[in-house]
Amino acid sequence: MRDTTSQDALPALLLEWYDVHAREMPWRVGPAARKAGERPDPYRVWMSEIMLQQTTVATVRDYFQRFVTRWPSVRDLAAAEDADVMGEWAGLGYYARARNLLKCARAVVSEHDGEFPADHAALLKLPGIGPYTAAAVSSIAFDLPHTVLDGNVERVMARLHDIHTPLPAAKPELMTKAEALTPETRPGDYAQAVMDLGATICSPKSPACGICPWRHPCAARAAGTQNELPMKSPKKAKPVRHGTVYLAQRADGAWLLETRPEKGLLGGMLGWPGSDWIDTAQERPQGPPPLPADWTEIPGEVRHTFTHFHLMLTVLTAQVPQESEPARGSFVRRQDFRPSDLPTVMRKAFDLVTN
DNA sequence: AATTCGTGGGT
DNA sequence: TACCCAAGAAT
């Protein structure tokens, strides 16, 4: 039997589902409380959206709690030291987000009197806020009818309309479809509802079509193509790169660390001095050590995969005298050093040396 | 417009 | 093991 659901009925169907099945999150005001007039704190909504970029909810929860506990307001965050914010972000990845997080907080204080603008265009101008996040903050925090297009919405729209154009080429078309469905009433709940649907029902693998509020109007389900959508352009293979890092410990126990340059991989993060990382060289790149010492190679190596390459790191370590003068980096006393301040690949090197 | 930018968990 | 995937932005 052909579906007779009107397109106009889709938002209401989804909101009805969301009223019952909304996921609970520390930054979210649930549908019942929102109906009672409660609004989420724009600072917390913004913080969560930045953290959630390409990152799972499960991973974000703990980071979010630590950040808002340590910096409860945008003014607190704007006043923070760069190194403290980068250290707290360590392990979450995509470190440009942390650098822009600080820039954005400071811009909100200096240019917007410490209040996030509700205006979509004004949000777009802030560091680290792109089309998705501007729509998410304006809709979720201010209940304005803007359309979020994230990976969930792309998948839901591709299936709902049985669109076979591969991503990312399909994005404009998917955005048009998503905009056509965005309601004027409860746009904030609707935005969160589509994403919840994509995360819990219309999942990438084995979607639970039988319990989906949109199962009747879904074109992919009718065609049986839901498991193949969305189509994606083939991705390139990852090359292997090699490098060397040097872990020097001073007589008093201090470790030799350096803050990486602002731009590029792991920009602004703490790390061990070392060589450049280069593609499959026959000989391992060693570079010059940060200071002359009796360097010992640690058996085994650090293997780590980034977004676009695999890395194999040789780890060298040395005990050096108290009066050492390194050519690079500076010694950090043990009580000032938390391994959790390191990005994961650097923490792996530390673990290899200390375990 | 194609690349660059992390990480952990699931399969 | 290897690949996929997650509330993308900047360049």
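Predicted model, so just to flag it, every value in this text is computed and none were measured. A note on names: the letters A, B, ... follow the listed sequences, proteins ahead of strands, and every chain is numbered from 1.
For A:Leu265, whose side chain is taken as the heavy atoms from C-beta onward, the closest listed nucleotide among B:dT7, C:dG8, B:dC5 is B:dC5. Here the side chain of A:Lys236 is nearest to one of C:dA9, B:dG8, B:dT3, namely B:dT3. Checked against C:dC5, C:dA9, B:dG6, the side chain of A:Lys235 finds its nearest nucleotide in C:dC5. Listed candidates were C:dA7, B:dC5, C:dC5. Nearest to the side chain of A:Glu49 is C:dA7. Taking only side-chain atoms of A:Asp196, from C-beta outward, the nucleotide of C:dA7, B:dT7, B:dC5 with the closest atom is C:dA7. When distances are taken from the side chain of A:Thr307 to each of B:dT7, B:dC5, C:dA7, the shortest belongs to B:dC5. When the nucleotides C:dA7, B:dC5, B:dG8 are ranked by their closest atom to the side chain of A:Arg347, B:dG8 comes out on top.
Among the heavy atoms of the strands lying under 4.0 Å from A:Thr133 are primed sugar atoms or P, OP1, OP2 only; no base atom is included. Using a 4.0 Å heavy-atom criterion, one finds that A:Gly264 contacts the sugar-phosphate atoms exclusively. No engagement by A:Met346 is indicated, since no non-hydrogen atom pair under 4.0 Å with the nucleic acid exists. Heavy atoms of A:Trp27 sit under 4.0 angstrom from at least one base atom. Using a 4.0 Å heavy-atom cutoff across all strands shown, A:Arg23 reaches at least one base atom of the nucleic acid. Nucleic acid contact for A:Gly91: sugar-phosphate only, since backbone atoms but no base atoms lie under 4.0 Å from a heavy atom of the residue. Using a 4.0 Å heavy-atom cutoff across all strands shown, A:Thr55 reaches at least one base atom of the nucleic acid. If you check every strand for non-hydrogen atoms under 4.0 Å, A:Pro127 touches sugar and phosphate atoms only.
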Exercise for the section: For side-chain contact (heavy atoms from CB on, under 4.5 Å), just list the numbers for A:Arg186 and A:Lys35, CA-CA rounded to whole Å, side-chain angles, deciding distance to a tenth of an Å, and then say yes or no. Expected result: CA-CA 9 Å; A:Arg186 304 180 62 192; A:Lys35 284 178 179 172; 3.5 Å; yes

Salt bridge (Lys or Arg N to Asp or Glu O under 4.0 Å) assessment of A:Asp150 paired with A:Arg155 = CA-CA 9 Å; A:Asp150 72 329; A:Arg155 184 171 57 256; over 6 Å; no

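Residue order along DNA chain C, read from the 5' end via each residue's closest nucleotide, puts A:Pro204 first among A:Asn100 and A:Pro204. Ranked by how close their nearest DNA chain B nucleotide is to the 5' end, A:Leu92 and A:Lys205 are led by A:Leu92.
The distance between the ring centers of A:Phe67 and A:Phe64 does not fall below 6.0 angstrom. With ring centers used as reference points, A:Phe306 lies under 6.0 Å from A:His304.
Taking atom CG on A:Leu52 and atom P on C:dA9, their separation rounds to 12 Å, with Å as the unit. Rounded to whole Å, the distance from CZ on A:Arg99 to C1' on B:dG6 is 12 Å. Straight-line distance from the CD atom of A:Glu154 to the C1' atom of C:dC5: 13 Å, rounded to whole Å. The nearest whole Å value for the distance from the OH atom in A:Tyr95 to the C1' atom in B:dT7 is 7 Å. Computed from coordinates, the A:Arg241 CZ to B:dG6 P distance equals 12 Å when rounded to whole Å. Rounded to whole angstrom, the span from the CZ atom of A:Arg303 across to the C1' atom of C:dA2 amounts to 11 Å. Going from atom CG of A:Leu101 over to atom P of C:dG8 covers 16 Å, rounded to whole Å. Put simply, NZ on A:Lys263 is 15 Å from P on B:dG6, counting in whole angstrom units.
Side-chain N/O atoms of A:Gln53 include none lying less than 4.0 angstrom from OP1 or OP2 on C:dA7. For A:His304 and B:dG6, the shortest distance from a side-chain N or O to OP1 or OP2 is not below 4.0 Å. Applying the 4.0 Å criterion to OP1 and OP2 of B:dT4, one finds that A:His308 has every side-chain N and O outside that range. For the pair A:Thr59 and B:dG8, the criterion of a side-chain N or O lying under 4.0 Å from OP1 or OP2 is not met. For C:dA6, one of the phosphate oxygens OP1 or OP2 lies less than 4.0 angstrom from a side-chain nitrogen or oxygen of A:Arg155. For B:dT4, the OP1/OP2 oxygens have no side-chain nitrogen or oxygen of A:Tyr94 closer than 4.0 Å.
A distance of about 22 Å separates the P atoms of B:dC5 and C:dA6, rounded to the whole Å. Nucleotides C:dA7 and B:dT3 have their C1' atoms positioned 22 Å apart, rounded to a whole Å. Remark: the separation of the C1' atoms in B:dG6 and C:dC5 is 13 Å, to the nearest Å.
Below 30°, between 30° and 60°, or above 60°: for A:Trp214 and A:Tyr190 the angle between ring planes is between 30° and 60°, a tilted geometry. Classification of the A:Trp46-A:Phe116 ring pair by plane angle, with boundaries at 30° and 60°, yields tilted.
Annotation: the span from A:Leu256 atom CG to A:Thr317 atom OG1 amounts to 10.5 Å, rounded to 0.5 Å.
Under 3.5 Å, the side chains of A:Gln53 and A:Thr133 contain a donor-acceptor pair of N or O atoms.
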